[in-house]
Amino acid sequence: MTIETKYNIGDEVWAKFGCEAILCKIDDVLIIEDDGFLKVVYSVSDLNERMFGTRFTSELFPTKGELLKSL
C-alpha cells in the first residue's frame, strides 16, 4: 500500500507554536492508526532546531499567508 503525504522530509512549512507563526522543516513523517483510520503526523522543528513538535497535516501551511488566513 502506498500512502501519499502532502509534505515530505526536508520541506519547509509554517506552523503555529503558541501564539507565534514559525517557519519549520519536516524532520519525520509518521503514519498512525486511530480507530481504524490512518493519520499522517509530521515531526517538525524550527530552522535553528531549537523548537520541535508534532503536527497533523491540517496544522501545517506552505506559506505564512495561508497560516494567518486560517486563524
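- Within the 4.5 Å cutoff, the side chain of Tyr7 has heavy atoms near those of the Pro62 side chain.
- Hydrophobic cluster membership differs between Phe61 and Val40, with clusters built from Ile, Leu, Val, Met, Phe, Trp and Tyr side chains linked at under 4.5 angstrom.
- The main-chain N or O of Met51 is found under 3.5 Å from a side-chain atom of Asp46 such that the two form a donor-acceptor pair.
- Ile31 is not connected to Val41 by any chain of hydrophobic side-chain contacts under 4.5 Å among Ile, Leu, Val, Met, Phe, Trp and Tyr, and they are in different clusters.
- Applying the salt bridge (Lys or Arg N to Asp or Glu O under 4.0 Å) definition to pairs two or more places apart or across chains, none involves residues 57-68.
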Checklist entry - Would Lys25 and Glu49 count as a salt bridge (charged side-chain N to carboxylate O under 4.0 Å, His left out) if you check the C-alpha gap in whole Å, the side-chain angles of each, and the deciding distance to 0.1 Å? => result CA-CA 9 Å; Lys25 66 177 177 148; Glu49 296 185 4; 2.7 Å; yes
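- Heavy atoms of other residues, nucleotides or ligands lying less than 6.0 angstrom from CG of Asn48 number more than 12.
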Between side-chain atoms of residues 12-23 and protein atoms elsewhere (two or more places apart, or another chain), which donor-acceptor pairs fall under 3.5 Å?
none

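- With contacts defined as side-chain heavy-atom distances shorter than 4.5 Å, the pair Asp28/Tyr42 does not qualify.
- Leu30 and Phe56 fall within the same hydrophobic cluster, where Ile, Leu, Val, Met, Phe, Trp and Tyr residues are linked whenever their side-chain heavy atoms come under 4.5 Å apart, directly or through other members.
- Counted by atom type alone, Ser45 and Asp27 present one or more donor-acceptor pairs between their side chains at under 3.5 Å.
- With rounding to the nearest 0.5 angstrom, the CD1 atom of Ile32 is 6.5 Å from the NZ atom of Lys39.
- For the atom pair CD1 (Ile9) and OG (Ser43), the distance works out to 9.0 Å, reported to the nearest 0.5 Å.
- In the hydrophobic cluster analysis, where Ile, Leu, Val, Met, Phe, Trp and Tyr join through side-chain heavy atoms closer than 4.5 angstrom, Leu60 is grouped together with Val29.
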